[in-house]
Amino acid sequence: MAKLRRTIVSNIYSALENSEFSLRDFKVDFEETKQFVHIQFLPFPEYKFEITERNVARRNIADMLNQPEADYR
């Protein structure tokens with residue numbers, strides 16, 4: 001899996017620091033097995049955000065026309 005550039009990692013931390021919450025309110029993991037980044041909101045652990053890599057090399061025109069709904073978990 002490709003590694004995230006330091007500027008991207010810095011931008012993620014900066015966005016969290018500039019939010020309504022403290023950086024201590026989040027658990028941030030980079031470069032996990034399936035995710036580029038996994039962010040969990042510690043006061044409510046069920047609230048999490050992930051950026052994952054998908055294999056798009058096998059897509060065909062039918063797949064492109066029938067886009068699945070975004071997975072907001």
Side-chain angles (χ1 to χ4, degrees):
M1 177 182 300
K3 289 194 171 230
L4 296 175
R5 288 182 270 149
R6 281 184 270 156
T7 54
I8 300 298
V9 172
S10 178
N11 287 343
I12 290 170
Y13 280 122
S14 179
L16 294 173
E17 287 175 342
N18 292 319
S19 72
E20 297 292 319
F21 304 98
S22 166
L23 186 56
R24 292 177 290 164
D25 291 323
F26 300 95
K27 178 182 178 198
V28 182
D29 294 317
F30 291 98
E31 309 297 334
E32 293 295 317
T33 55
K34 296 188 301 184
Q35 300 107 7
F36 286 112
V37 63
H38 176 90
I39 302 169
Q40 187 173 29
F41 186 55
L42 295 176
F44 297 97
E46 63 273 15
Y47 295 134
K48 52 190 163 191
F49 178 80
E50 297 175 341
I51 300 174
T52 60
E53 181 178 36
R54 295 179 70 184
N55 184 2
V56 294
R58 299 183 340 192
R59 296 184 78 181
N60 59 34
I61 191 69
D63 292 336
M64 295 171 96
L65 295 174
N66 298 315
Q67 291 288 327
E69 294 290 321
D71 184 13
Y72 297 107
R73 291 187 271 153

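With sequence neighbours excluded, the residues that form a ring pair (Phe, Tyr, Trp, His ring centres under 6.0 Å) with Phe41 are Phe21, Phe26. Scored by the side chain to side chain contact (heavy atoms under 4.5 Å, CB included) test, Pro45 finds Gln40 as partners (sequence neighbours excluded).
Residues Ile8 and Arg5 meet the side-chain proximity criterion, which asks for heavy atoms closer than 4.5 Å. Looking at heavy atoms from C-beta onward, Leu16 lies in side-chain contact with Val28 at the 4.5 angstrom threshold. Inter-residue side-chain proximity for Ile12 and Phe30 is flagged as met; some heavy-atom pair is nearer than 4.5 Å. At least one side-chain heavy atom of Tyr13 sits under 4.5 Å from a side-chain heavy atom of Leu23.
Taking both residues in full, the closest heavy atoms of Arg24 and Leu42 are given as O-CD1, 3.5 Å, listed atom of the first, atom of the second, then distance.
Rounding to the nearest 0.5 Å places CD of Glu50 at 10.0 Å from CG of Asp29. Expressed to the nearest 0.5 Å, how far CD1 of Ile39 lies from NZ of Lys27 amounts to 12.5 Å.
Asp25 places a side-chain N or O within 3.5 Å of a backbone atom of Ser22 that can act as its donor or acceptor partner. Counting only distance, with no hydrogens or angles, the side chain of Ser14 and the backbone of Asn11 share no donor-acceptor pair below 3.5 Å.
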